[in-house]
Each structure stands twice: as structure tokens, then as C-alpha cells.
There are 2 protein chains.
Amino acid sequence: MRKNKRDELVEKAMETFYRNGFHATGMDMLVAESGISKTSMYKHFKSKEDLILAALGLREQQFHDWSTKRVCELASEPKDQLLALFDVLGEWFREDTFKSCMFIKASSEYPEPDHPIHQQTVEQRNTMYQGVLALVEAAHLKNPEALARQLLMLQEGAIITAHFGNSDDPAGEAKKAAKALIDAAS
Amino acid sequence: MRKNKRDELVEKAMETFYRNGFHATGMDMLVAESGISKTSMYKHFKSKEDLILAALGLREQQFHDWSTKRVCELASEPKDQLLALFDVLGEWFREDTFKSCMFIKASSEYPEPDHPIHQQTVEQRNTMYQGVLALVEAAHLKNPEALARQLLMLQEGAIITAHFGNSDDPAGEAKKAAKALIDAAS
DNA sequence: GACTAAATGAACAGATCGGTACACCTTGCT
DNA sequence: AGCAAGGTGTACCGATCTGTTCATTTAGTC
């Protein structure tokens, strides 16, 4: 056996929740798509909510690892890495499995601020902010906190625009805007 | 009778869907919250989907009317109106009923591109884009299409940031970024 | 081969889902 | 008074939801 059944389940569940939504995906659908029995599911996770939390955790880890790896491959200087972030976004948008951001979707479907799922999405965004802030500070740019949030807003906006499909190259347009902001803060 | 029962229903349904989500809101909950009988609901709308479409239509009209009115009250020159858009966003974010954007949430919950609900959200975003583009062109700024999309991305990003609650003044920060982009295109 | 741990299939429970049927009750108009 | 339109309340349908039960099967280890 190459892989833990549990990990297979979380991976498949992540894909299905991402593609199909959380409320719209029933446990029976996960049984059908993952090939894992419902009995095993509830042996590993005591509820659907627990499975969603695990799926979000896997998503966060996979996306973080992939994006930081790609950014480092594309650029080495902090300022260039800030811009490379948008190239990586563009690669993501062009994947045919792209369906907006899983955390934005999760926070939409679980809007109560103190819901565990909502909280996990907020924490993921905080982590993203800390990453961008570290790059901004390493690049010695002015007003680092505000600039980091503005760059993050451009990323969020690019994701939403890519999702609505009203632009051919949202990542490229966001990158140009980011360049203007970074140049102004140099 | 001051108001049509149908209109009362759509208004209440809009609020409940916006606050609670679409899949998570059942017709029985709408009966409880609106005080309108289920029989009447299905006399006016043949399905939940039809009611959601009507609620989105009302939202689009209300938000469009309110935001354009506020923008015109705050500024008269096109360039100033582009910036005033972000002040209006800030007013919206500070409402205690603010829960992200109803159309972003709807497109998340109905991700299939050819679903009527998804299509209605895409059309709403196209309308927003046309509005911003008209202002950009009236202000005689360079690269109007790209600039309009970049400004729209800042708005989308501000909405998401406001929703995640990681910033005290997302609209103000987005406005400063927008100002930099507009100045660079003058 | 015997033991153990993990996974399976299928039936089931109780609740809720979207949607319908039907008898009754207001209300306004003539 | 009589009529018609629109609204109400309740019970109900079949499907689907999350979650459970249980007997059986598989796979690895001593």
C-alpha cells in the first residue's frame, strides 16, 4: 500500500469540496468519488466538519508549498519575488481545475465568524499576509504593513476576477498594478 | 396594504440568503423569517432557484442605485468619482450587516459556469465593469480597459479583505492604491 | 494457521430537504 | 349578499442529508 487510506480520502474530499462546494457535497458523493467506504470515513473523522477542516488543512499546506517553491524558482530578490507571486497566480488561474479560492468559498459557506471552518480560513489569510509582509520588509519598502495588504488585495481581486472570467489575463494586469505600487514605495 | 407580499418575500429572502448562505437556507427557514406561507411562496416562484434569482436581481438593483447615488453625492468629476467609489465601499464595509458580496458568495455556491445563478453573478460583474470603464473613459485616462479592470480588482480585493477582517480600513488602503494607479495613468 | 487491525457493504435511523395537496379564511368589489 | 383572488395552515410525498450498526472480508504478523 503506497498511501494511507486516510490521506487518500482527504485528498479526494479536498478536490470534491473544491469543485462542488461544501454543502452541496454529501458524504455519499464522497463515498462514490473516493471509493472509500462510509464506515471508514467515520472511523477517521467523527463528522463532516472534521473532514472539511482536514481538507482545508491539506489545501493550505499544498498551496503554500507549491507557491513558495514556484516563487523561489522564478526569482531570488525579495522585490522580484513579490512580482513573481503574480506570475504564480497566473499559472494557477490557467489550470483547468481552477475554481476560485477554496478558502474564500469556505468562508462564504460558513459565514459565522466563530465557526471553526470560518476561523481556519481567516488563519490561512493571516499566514498569507505574514508571508507577503516578510517579503516587503526584506525589500526595504516604505509603509510595509499597508503595502503588504494592498498587494494582497490585488491578489484577492485577481482571484475573483479570474473566477468571474471577465479578463483574459487578470494576473498580468494585477502584476502591473503591483509594480506601480512597489515602484512608488521604493 | 402598503406593499406586495411578493416583494416582501423577495426582500426577506435576500437578507436571509445573504446572511446565511443559499444551500444552508431552507424554504422552511424563509417561511419562519418572512412570515409568508409556503403555499404563497410557491404560488409566486415555481422553485427555490427562481426565488434566488429574484433575490439576486433585487440586490443588484438596490446596490447599484445606492452606490451610484452615494458616489454622485461625494464627487462630480469622473476622476474624483472613481476614488469616491472606495469611500462608498468603506461605508458598506462598516455596516454591521456586511457579510462579503452576495454575488461572490452565490458564484461560489453555484460554481457551474452555465448555471443560471452563476450566470447572473457574471452579468452583475460585467455591469460593474462597464460602469467603472465609463468613468475611466470620461476621465480620459490611459489604457482605459486595463485600468478599469485593475480598479475593479482593488474593489474585489477590498471586499475579500473586509470579509476576512484582517485590516482596519481595507477601503482606505485600496483607495490609496487606486490613487497611485490613476495618477500614473493621467 | 491463528490472531489482530483495518476496511468493506448494506441496511437503517432520524432529521431535513424541496415541493405539493387541500381545505379554509380573509379581503375587496359589484 | 355573492363572487373571485390571494393568503394561510397543515399534513404530506419522496428524496436526500449526516451519522450508526453490524456482520463480513481483507491483509499483515507472529
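Each chain gets a letter, A, B and so on, in the order the sequences are listed, and its residues count up from 1.
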> Would you jot down, in residue-number order, the residues of residues 34-56 of chain A having a non-hydrogen atom under 4.0 Å from DNA chain D?
Lys38(A), Thr39(A), Tyr42(A), Ser47(A), Lys48(A)
> Counting heavy atoms not belonging to Asp65(B), are there more than 12 under 6.0 Å from its CG?
yes
> Can any side-chain N or O of His118(B) pair as donor or acceptor with the backbone N or O of Tyr110(B) at less than 3.5 Å?
yes
> Provide, to the nearest angstrom, the distance between the CE atom belonging to Met27(B) and the C1' atom belonging to dT10(D).
17 Å
> Could you tell me how the ring of Phe93(B) sits relative to the ring of Phe98(B): parallel (under 30°), tilted (30 to 60°) or perpendicular (over 60°)?
tilted
> Hey, does Thr161(A) have a side-chain heavy atom less than 4.5 Å from the side chain of Leu152(B)?
no
> Please report, rounded to the nearest Å, how far the P atom of dG28(C) is from the NZ atom of Lys5(B).
13 Å
> Taking Glu73(A) first and then Arg70(A), would you say they form a salt bridge - that is, a charged N and a carboxylate O separated by under 4.0 Å?
yes
> Separation of Asp28(A) atom CG from dT18(D) atom C1', in whole Å?
9 Å
> Rounded to the nearest angstrom, tell me the gap between atom CZ in Phe22(A) and atom P in dT18(D).
13 Å
> Can you confirm if the NZ or CZ of Lys105(A) lies within 45° of the ring axis of Tyr18(A) and under 6.0 Å from the centre of its six-membered ring?
yes
